[in-house]
Peer 1: 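Once you've had a glance at the structure underneath, I'll fire off some questions.
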Amino acid sequence: MKTHVSTTINGEAVEFLCQPRQSLLEILRDELSLTGCKEGCNNGNCGACTVILNGLPVDSCLVLAVEVEGANIETVEGVAQQRQLHPVQQCFLEGAALQCGICTPGFIMTSKALLEKHPAPDEEEIRFSLAGNLCRCTGYDKIVHAVQAAAESAPAPK
Ligand code: FES
Ligand code: FES
């Protein structure tokens with residue numbers, strides 16, 4: 001039997017039907033065509049599936065879809081606004097902080113959530129926050145530098 005779930009994804013009301021065993025990752029990719037979040041390990045180890053759930057980065061492969069009733073979800077598809085890349089996206093691009101790109105949506109979402117909570121993190125805080133995101137290509141220095149650059153490019157709080 002399927003369960004009806006009402007949620008908000010990237011600012012829009014979204015409803016879907018899901019089986020109790022289905023993960024949020026499955027629903028996002030297979031039912032809602034939001035394929036930006038990637039399936040790497042499907043067991044909570046790689047972070048490729050990271051989305052922001054009620055302000056916190058989570059591995060969507062570990063969240064049951066039935067758990068997101070009433071939740072606010074952000075995926076990488078909603079990060080750019082009016083065709084303008086988010087500073088984190090822009091800095092990943094300019095800093096060549098990606099190669100194959102499989103891990104990149106997860107890093108973008110984790111970094112965005114970090115900067116929303118801590119607009120000026122130091123390197124240790126960035127590395128700690130990104131510890132749950134794995135990259136097999138780029139190495140971590142360029143990624144950390146991109147997040148630092150994004151933090152520095154953000155307008156000063158009023
Ligand atoms: S696919 Fe979810 S943590 Fe790897
Ligand atoms: S860019 Fe390929 S896994 Fe990170």
Side-chain angles (χ1 to χ4, degrees), residues 2-3 5 7-10 14 16-80 85-118 121-153:
K2 290 193 171 183
T3 301
V5 175
T7 186
T8 301
I9 301 179
N10 298 329
V14 174
F16 58 82
L17 294 172
C18 64
Q19 295 174 359
R21 60 160 189 81
Q22 283 185 295
S23 69
L24 175 59
L25 176 63
E26 276 182 85
I27 293 296
L28 290 172
R29 288 184 56 85
D30 300 342
E31 302 294 333
L32 303 177
S33 299
L34 292 167
T35 54
C37 49
K38 303 301 184 208
E39 182 182 321
C41 62
N42 207 26
N43 62 19
N45 275 299
C46 75
C49 64
T50 303
V51 300
I52 301 177
L53 176 63
N54 294 331
L56 294 173
V58 298
D59 293 330
S60 61
C61 69
L62 296 184
V63 177
L64 287 172
V66 292
E67 293 181 284
V68 303
E69 172 67 33
N72 188 26
I73 297 163
E74 293 173 68
T75 72
V76 74
E77 287 87 349
V79 172
L85 291 179
H86 185 280
V88 171
Q89 293 173 306
Q90 190 66 40
C91 291
F92 267 63
L93 192 59
E94 290 172 1
L98 66 152
Q99 287 187 36
C100 79
I102 289 289
C103 70
T104 308
F107 273 102
I108 297 289
M109 300 315 289
T110 304
S111 303
K112 179 175 185 285
L114 168 67
L115 295 183
E116 283 169 358
K117 283 224 161 27
H118 302 289
D122 61 25
E123 181 177 339
E124 191 178 347
E125 288 169 321
I126 294 171
R127 288 186 184 274
F128 185 81
S129 294
L130 296 178
N133 292 79
L134 303 183
C135 175
R136 296 180 65 176
C137 308
T138 312
Y140 296 94
D141 283 348
K142 285 185 175 182
I143 292 171
V144 170
H145 293 157
V147 178
Q148 287 173 314
E152 285 162 13
S153 73

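Numbering starts at 1 and runs along the sequence shown. Each ligand, and each atom within it, is numbered from 1 in the order the structure gives.
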Peer 1: Heavy-atom contacts with Cys46 under 4.0 Å: which atoms of ligand 1 show up? List them by number with element.
Peer 2: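 This gives 1 (S), 3 (S), 4 (Fe) as the contact atoms.
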Peer 1: So, for Gln19 and Val66, which heavy atoms are closest and what is the spacing to 0.1 Å?
Peer 2: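 Heavy atoms only, the tightest pair is O-CG1, 4.5 Å.
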Peer 1: Atoms of ligand 2 less than 4.0 Å from Gly101 heavy atoms?
Peer 2: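 Under 4.0 Å from Gly101, ligand 2 has these atoms: 1 (S), 2 (Fe).
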Peer 1: State whether the side chain of Glu94 and the backbone N or O of Cys91 hold a donor-acceptor pair below 3.5 Å, judged by distance alone.
Peer 2: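 Not confirmed, Glu94 side chain does not pair with Cys91 backbone.
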Peer 1: May I ask you to identify the nearest protein heavy atom to atom 1 (S) of ligand 2, giving residue, atom name and distance to one decimal place in Å?
Peer 2: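 Heavy-atom neighbour on the protein nearest atom 1 (S) of ligand 2: Gln99 N, 3.2 Å.
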Peer 1: Between Thr110 and Phe107, is there a donor-acceptor pair closer than 3.5 Å when you use the side chain of the first and the backbone of the second?
Peer 2: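 Not confirmed, Thr110 side chain does not pair with Phe107 backbone.
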Peer 1: Looking only at heavy atoms, what is the nearest atom pair of Thr7 and Val68, with distance?
Peer 2: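 In terms of heavy atoms, the two residues are closest at OG1-O, 3.3 Å.
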Peer 1: Working to the nearest 0.5 angstrom, can you tell me the gap between Asn45 CG and Cys61 SG?
Peer 2: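 Between Asn45 CG and Cys61 SG, I get 8.5 Å after rounding to 0.5 Å.
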Peer 1: How about Cys61: does one of its N, O or S atoms come closer than 2.8 Å to atom 4 (Fe) of ligand 1?
Peer 2: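 It does not: Cys61 brings no N, O or S atom closer than 2.8 Å to atom 4 (Fe) of ligand 1.
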Peer 1: Looking at atom 3 (S) of ligand 2, what's its closest protein heavy atom, distance included?
Peer 2: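 Heavy-atom neighbour on the protein nearest atom 3 (S) of ligand 2: Arg136 N, 3.3 Å.
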Peer 1: At a 4.0 Å threshold, what atoms of ligand 1 neighbour a non-hydrogen atom of Cys41?
Peer 2: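 That gives atoms 1 (S), 3 (S), 4 (Fe) of ligand 1.
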Peer 1: Using a 4.0 Å cut-off to any heavy atom of Thr138, which atoms of ligand 2 qualify?
Peer 2: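 Reading through ligand 2 atom by atom, the close ones are 1 (S).
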Peer 1: Considering only heavy atoms of Gly44, which atoms of ligand 1 have at least one such atom less than 4.0 Å away?
Peer 2: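 Here the atoms of ligand 1 in question are 3 (S).
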Peer 1: Would you mind listing which atoms of ligand 1 come within a distance below 4.0 Å of any non-hydrogen atom of Asn42?
Peer 2: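 Listed by number with element: 1 (S), 4 (Fe).
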Peer 1: Of the side chain and backbone of Asn45, name the one, both, or neither that has a heavy atom under 4.0 Å from an atom of ligand 1.
Peer 2: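 The part of Asn45 near ligand 1 is the backbone, not the side chain.
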Peer 1: Is it true that a side-chain atom of Thr75 and a backbone atom of Val51 form a donor plus acceptor pair closer than 3.5 Å?
Peer 2: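 No.
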Peer 1: Give a yes or no on whether Cys103 keeps an N, O or S atom under 2.8 Å from atom 2 (Fe) of ligand 2.
Peer 2: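 No, since none of the N, O or S atoms of Cys103 sits under 2.8 Å from atom 2 (Fe) of ligand 2.
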Peer 1: Please determine whether a side-chain nitrogen of the Lys or Arg among Arg21 and Glu26 lies less than 4.0 Å from a carboxylate oxygen of the Asp or Glu.
Peer 2: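 The answer is yes: the pair qualifies as a salt bridge.
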Peer 1: Restricting to N/O/S atoms, is Cys49 within less than 2.8 Å of atom 4 (Fe) of ligand 1 or not?
Peer 2: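 For Cys49, the answer is no, given that no N, O or S atom comes within less than 2.8 Å of atom 4 (Fe) of ligand 1.
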Peer 1: Atoms of ligand 2 less than 4.0 Å from Cys135 heavy atoms?
Peer 2: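 Near Cys135, the atoms of ligand 2 are 1 (S), 3 (S), 4 (Fe).
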Peer 1: Would you check if the side chain of Glu77 reaches a backbone N or O of Thr35 as a donor-acceptor pair within less than 3.5 Å?
Peer 2: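 The answer is yes, because a donor-acceptor pair under 3.5 Å joins these two groups.
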Peer 1: Can you tell me if Asn72 uses its side chain to pair, donor with acceptor, with the backbone of Asn54 under 3.5 Å?
Peer 2: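 Not confirmed, Asn72 side chain does not pair with Asn54 backbone.
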Peer 1: Output yes if Cys100 passes the N/O/S-under-2.8 Å test against atom 2 (Fe) of ligand 2; output no otherwise.
Peer 2: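 Of the N, O and S atoms in Cys100, at least one lies under 2.8 Å from atom 2 (Fe) of ligand 2, which means yes.
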